[in-house]
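A quick write-up on the structure given underneath.
The sequence lines fix the lettering, A, B, ..., with proteins before strands; numbering per chain opens at 1. Only heavy atoms go into these numbers, but all of them, side chains included; no hydrogens, no water, no symmetry mates.
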Number of protein chains: 2
Amino acid sequence: MNDNYICETNYIHKDVINEIKSKLTEPKQHLQLAEIFNILGDPTRIKIFQILSISEVCVCDLAALINLSQSAISHQLRFLRQANVVNYRKEGKIVYYALRDEKMKKVIDYGVKYLNEK
Amino acid sequence: MNDNYICETNYIHKDVINEIKSKLTEPKQHLQLAEIFNILGDPTRIKIFQILSISEVCVCDLAALINLSQSAISHQLRFLRQANVVNYRKEGKIVYYALRDEKMKKVIDYGVKYLNEK
DNA sequence: ATTACATATGAGCAATTATTCATGCGTTGT
DNA sequence: ACAACGCATGAATAATTGCTCATATGTAAT
């Protein structure tokens with residue numbers, strides 16, 4: 001960013017700025033929050049969440065339900081695994097995925113509530 | 001997508017598939033949900049939300065608080081305006097931005113709750 | 001053993017994204 | 001009238017993303 005030009009009379013409202021600064025503790029929280037919401041910020045992943053919140057499902061069934069290639073689903077599942085929001089269990093060739101817990105589902109439910117309040 | 005090869009014995013579990021399909025009404029909800037969460041899936045925008053949920057703030061102060069160029073902030077504000085989640089009011093040269101309502105803040109609060117439960 | 005199947009993964013690609021830079025627009029003060 | 005300031009915006013760019021394609025891995029069946 002460019003400190004030279006922008007807002008030379010920087011801090012137009014120093015009092016407001018300072019009040020806000022004092023209230024904004026936890027300097028890294030916005031990064032964690034963005035990370036969480038970013039997980040949910042994709043239609044395919046939301047669909048996966050919606051499906052898994054109904055039932056444990058295998059990769060092939062997920063692909064069929066979402067109408068995407070198995071590869072695409074597998075890539076998204078890897079993403080969700082690395083984000084620690086899904087569990088999986090192997091049964092022979094088949095791998096069943098499930099939500100790790102109800103927390104993420106609750107966040108989505110709040111999104112639904114948001115839509116309905118609109 | 002490729003219908004030729006993947007999962008020739010498609011629908012490994014037809015009963016599960018059908019049960020899920022019957023429960024997944026509202027075929028476009030996942031798109032709307034992804035859109036909402038996508039708005040929150042960026043650190044800069046989350047910061048803007050955090051600040052605006054404390055107080056109405058002008059563009060220049062936002063830039064100073066977030067430590068980004070005025071231009072970058074303006075672009076993000078345009079995004080948020082088009083997403084109908086912020087209001088703004090002009091006072092001479094200065095433009096003050098505010099949250100349109102509390103709904104989005106509540107969604108973020110749920111994200112915070114998620115983090116704390118971790 | 002060989003073949004078929006379910007899933008995982010790396011490479012490649014097109015589309016999207018967040019920022020910077022340059023500039024334009026409207027308002028204020030001189 | 002003119003300069004300075006706050007903000008908006010278009011173009012350009014680098015980084016990220018979500019998918020496809022090809023292929024690898026492990027399991028099951030013949």
Side-chain angles (χ1 to χ4, degrees), chain A residues 1-13 30-31 34-35 37-48 56-83 86-97, chain B residues 1-13 16-17 30-31 34-35 37-48 56-83 86-97:
Chain A
M1 97 146 205
N2 179 5
D3 277 320
N4 308 328
Y5 184 66
I6 60 136
C7 279
E8 297 206 34
T9 43
N10 222 334
Y11 301 140
I12 296 188
H13 312 89
H30 68 291
L31 296 176
E35 214 175 311
F37 290 124
N38 191 45
I39 296 172
L40 301 174
D42 175 79
T44 301
R45 290 196 288 272
I46 286 280
K47 265 256 172 185
I48 292 176
E56 176 191 64
V57 168
C58 73
V59 178
C60 182
D61 286 350
L62 271 175
L65 277 164
I66 299 177
N67 203 37
L68 264 177
S69 72
Q70 172 266 317
S71 177
I73 298 295
S74 265
H75 278 295
Q76 291 291 10
L77 287 171
R78 181 161 91 143
F79 180 95
L80 297 177
R81 254 160 32 218
Q82 287 172 345
V86 293
N87 284 332
Y88 61 99
R89 132 186 111 75
K90 295 184 186 180
E91 200 169 282
K93 299 182 283 186
I94 302 175
V95 180
Y96 293 93
Y97 279 83
Chain B
M1 96 145 205
N2 179 4
D3 278 320
N4 308 329
Y5 186 68
I6 60 137
C7 279
E8 297 205 36
T9 43
N10 222 335
Y11 301 138
I12 294 189
H13 312 87
V16 180
I17 294 266
H30 67 293
L31 295 175
E35 214 176 312
F37 290 123
N38 191 45
I39 296 172
L40 301 174
D42 175 81
T44 301
R45 290 196 289 272
I46 286 280
K47 264 255 173 186
I48 292 177
E56 177 191 63
V57 168
C58 74
V59 178
C60 182
D61 285 351
L62 270 175
L65 277 164
I66 299 178
N67 203 37
L68 263 177
S69 72
Q70 172 266 317
S71 177
I73 298 295
S74 266
H75 278 294
Q76 292 290 10
L77 287 171
R78 182 161 90 145
F79 180 96
L80 297 176
R81 253 161 33 219
Q82 289 172 345
V86 292
N87 284 332
Y88 61 99
R89 129 186 112 76
K90 297 184 184 180
E91 201 169 280
K93 300 183 284 186
I94 301 176
V95 180
Y96 294 93
Y97 279 83

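In this structure, A:D61 places its CG atom 13 Å from C1' of C:dT7, rounding to the nearest Å. For the pair A:L68 CG and D:dT17 P, the computed distance is 18 Å after rounding to whole Å. Atom C1' of nucleotide C:dT27 and atom OH of B:Y96 are separated by 14 Å, given to the nearest angstrom. Atom CZ in B:R89 sits roughly 12 Å away from atom P in D:dC7 (whole-Å rounding).
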Tabulated below should be each protein N or O lying under 3.5 Å from an N or O of nucleotides 26-30 of chain D; please produce it.
none

Please write out each protein N/O paired with an N/O of nucleotides 8-14 of chain C under 3.5 Å, distance rounded to 0.1 Å.
| from | atom 1 | to | atom 2 | distance (Å) |
| --- | --- | --- | --- | --- |
| C:dA8 | OP1 | A:Y97 | OH | 2.7 |
| C:dA8 | OP2 | A:S74 | OG | 2.9 |
| C:dA8 | N7 | A:Q70 | NE2 | 2.8 |
| C:dT9 | OP2 | A:R81 | NH2 | 2.9 |
| C:dT9 | O4 | A:S71 | OG | 2.8 |
| C:dG10 | OP2 | A:R78 | NH1 | 3.2 |
| C:dG10 | O6 | A:H75 | NE2 | 2.9 |

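For B:E35, the side-chain contact (heavy atoms from CB on, under 4.5 Å) criterion is met by no residue, not counting sequence neighbours. Taking B:H75 as the reference, B:S71 meet the side-chain contact (heavy atoms from CB on, under 4.5 Å) condition, with sequence neighbours excluded. When the side-chain contact (heavy atoms from CB on, under 4.5 Å) test is applied to A:R78, the partners found at least two apart in sequence or on another chain are A:R81, A:Q82. Residues meeting the side-chain contact (heavy atoms from CB on, under 4.5 Å) test with A:K93, sequence neighbours left out: none. In this structure B:F79 satisfies the ring pair (Phe, Tyr, Trp, His ring centres under 6.0 Å) test with no other residue, sequence neighbours excluded. Looking at residues two or more places apart in sequence or on another chain, you find no side-chain hydrogen bond (donor to acceptor under 3.5 Å, both in side chains) involving A:T44.
For DNA chain D, no neighbouring residue in residues 39-47 of chain B is found when judged by any heavy atom under 4.0 Å.
In summary, the aromatic rings of B:H30 and B:F37 are positioned with their centroids too far apart to meet the 6.0 Å limit.
For A:R45 (side chain) and A:I39 (main-chain N/O), a donor-acceptor pair under 3.5 Å exists by modelled atom type.
In this structure, CG in B:L62 is found 10.5 Å from CG in B:L68, a value given to the nearest 0.5 Å.
Using a 4.5 Å heavy-atom cutoff, the side chains of A:Q76 and A:I48 are in contact.
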